[in-house]
Amino acid sequence: MNITSILAWLRRLPSSLAEQAVWLSARSDICAFCRKPIQFDNSEATSGLKLPLQLRQQLCNPCLSTIPWLTRILCPRCGRGIHCDDCIRQPNRSFICNRSAVQYDQTMRSWLALYKYRGNEELAPLLGAMLQPAFEELSLSLGATMKRGSIAACWDAITYVPVSSARAEERGFNQAEQLASYLASRYHLPLLPLLSRERHTGKQSFKSRSERINDMKKIFRADLSSISKLEQIYGSVADTFSRTHARIILVDDIYTTGSTAEACAEELTASSSVPLEVFVLTWARS
């Protein structure tokens, strides 16, 4: 381990301890985002959406009510709330569909920045919990029920979009991996590192659509050891659940043009020796 990695680990230590404190605490008196006192009668702040208990116990009413849940989907492929020119231009994708928890408005941008760029890793479980409604809805559309174990039976594994080693050392963590880890733990699913990133690219938020697409070409490589584990998992359950394809969920923080999801799914489907369906789950849809 080089000195940069050691320093990154030391930077993560306080926030990792704070994250454990969040898990051990059933509820907090202070909102995790705005740091104001929580009024625990927040039934009016959910707009009828069934939310994980963790969100209702650690977010105040005003913060809960500002979440722009993405429940009205007009584009069945990318999950956008409006008609999508990107999917019209590219009707054939390597992934089945994307679903996102929220729309990426200014409030969600500031929340993600607290976690992703300012190193507040204690927010990871909350952002992970925000993925639950979208993940459960996607699973239900594939035939799952809310009975114990039914959602897990829909999937063979969860994976995530990798970051470069340079980005991991700079930030100290991979946000997509932490979100995927939360869901894997919550729903008792295998978490597999199916991909690695071959080269470092600049921040995608500063780039045009064409620049994003060009950046993603041949940037990911499948981890053949993890692919083999996925194939073994699928082989052990294929007959039981009458599925002709292995099925995975690919987790990332933001879906913009779909270029990252497409590059990942293309590499995964090309590298698997069994038919593979890749579904994408993102925290926000820009």
Side-chain angles (χ1 to χ4, degrees), residues 75-80 84 86-100 131 134-135 138-139 141-144 151-164 174 176-177 179-181 183-184 187 189-199 201 204 209 212-282 285:
C75 180
R77 177 57 60 85
C78 74
R80 204 172 189 180
C84 178
D86 286 331
C87 291
I88 292 174
R89 284 191 293 264
Q90 291 183 291
N92 299 315
R93 299 276 199 174
S94 297
F95 59 89
I96 304 300
C97 68
N98 169 74
R99 290 297 179 265
S100 303
L131 281 170
F135 180 60
L138 178 58
S139 300
S141 74
L142 296 173
I151 288 179
C154 279
W155 309 99
D156 293 300
I158 291 181
T159 192
Y160 50 88
V161 175
V163 296
S164 66
N174 176 1
E177 181 180 2
L179 295 176
S181 178
L183 291 176
Y187 296 98
L189 282 164
L191 178 67
L192 298 179
L194 296 177
L195 293 163
S196 62
R197 199 175 190 114
E198 291 294 279
R199 67 178 188 273
T201 59
Q204 298 298 300
R209 179 181 179 277
R212 290 170 187 260
I213 293 173
N214 288 331
D215 264 359
M216 291 300 109
K217 290 180 179 178
K218 304 297 182 182
I219 195 173
F220 300 107
R221 176 177 292 180
D223 183 285
L224 297 184
S225 176
S226 294
I227 290 287
S228 178
K229 291 178 183 178
L230 171 64
E231 293 168 351
Q232 292 172 16
I233 293 170
Y234 169 69
S236 69
V237 301
D239 292 337
T240 303
F241 298 113
S242 301
R243 282 200 269 111
T244 58
H245 293 72
R247 184 186 290 157
I248 64 170
I249 194 82
L250 172 71
V251 176
D252 202 6
D253 54 351
I254 304 173
Y255 185 108
T256 304
T257 64
S259 56
T260 300
E262 175 62 21
C264 290
E266 184 177 27
E267 173 67 11
L268 289 170
T269 53
S271 302
S272 175
S273 64
V274 300
L276 179 62
E277 292 180 333
V278 179
F279 291 76
V280 182
L281 182 69
T282 48
R285 179 64 170 94

Next item on the list: Run the ring-centre check on Y187 versus W155 and record whether the distance is less than 6.0 Å.
Entry: no
Next item on the list: Give a yes or no answer on whether the side chain of R77 reaches the backbone of I96 with a donor-acceptor pair at less than 3.5 Å.
Entry: yes
Margin query: If we check side chain to side chain contact (heavy atoms under 4.5 Å, CB included) with L194, which of these qualifies: V278, L230, L250?
Written below: L230
Next item on the list: Quick one: pull up CG in L192 and CD1 in I233 and give me the separation to the nearest 0.5 Å.
Entry: 5.0 Å
Check: Is there a donor-acceptor pair under 3.5 Å between the side chain of S272 and the backbone N or O of L268?
Finding: no
Check: Distance from L195 atom CG to D223 atom CG, nearest 0.5 Å?
Finding: 8.5 Å
Next item on the list: Please examine the side chains of I158 and L189, heavy atoms only from C-beta on, and report whether any two atoms are closer than 4.5 Å.
Entry: yes
Item checked: Side-chain touch E266/C264, heavy atoms, less than 4.5 angstrom -> no
Next item on the list: Answer yes or no: is there an ion pair linking D156 with R243, defined by an N-O contact shorter than 4.0 Å?
Entry: yes
Notebook entry, point to check: So, E267 side chain and A222 main chain: donor-acceptor pair closer than 3.5 Å or not?
Noted result: yes
Next item on the list: Let me see the working for S100 and T282 under side chain to side chain donor-acceptor pair (under 3.5 Å), right down to the final yes or no.
Entry: CA-CA 5 Å; S100 303; T282 48; 2.6 Å; yes
Notebook entry, point to check: Taking R247 for the side chain and C154 for the main chain, is one N or O donor matched with an acceptor at less than 3.5 Å?
Noted result: yes
Check: Which pair of non-hydrogen atoms, one from P76 and one from C97, has the smallest distance, and what is that distance?
Finding: O-CB, 3.5 Å
Checklist line | R99 side-chain N/O to F135 backbone N/O, donor-acceptor pair under 3.5 Å | finding: no
Notebook entry, point to check: Counting N and O atoms only, with roles assigned by atom type, does the side chain of E177 sit under 3.5 Å from a partner on the main chain of Y160, one being a donor and the other an acceptor?
Noted result: no
Next item on the list: Please confirm whether the backbone N or O of P275 pairs with a side-chain atom of Y234, one donor and one acceptor, at under 3.5 Å?
Entry: no
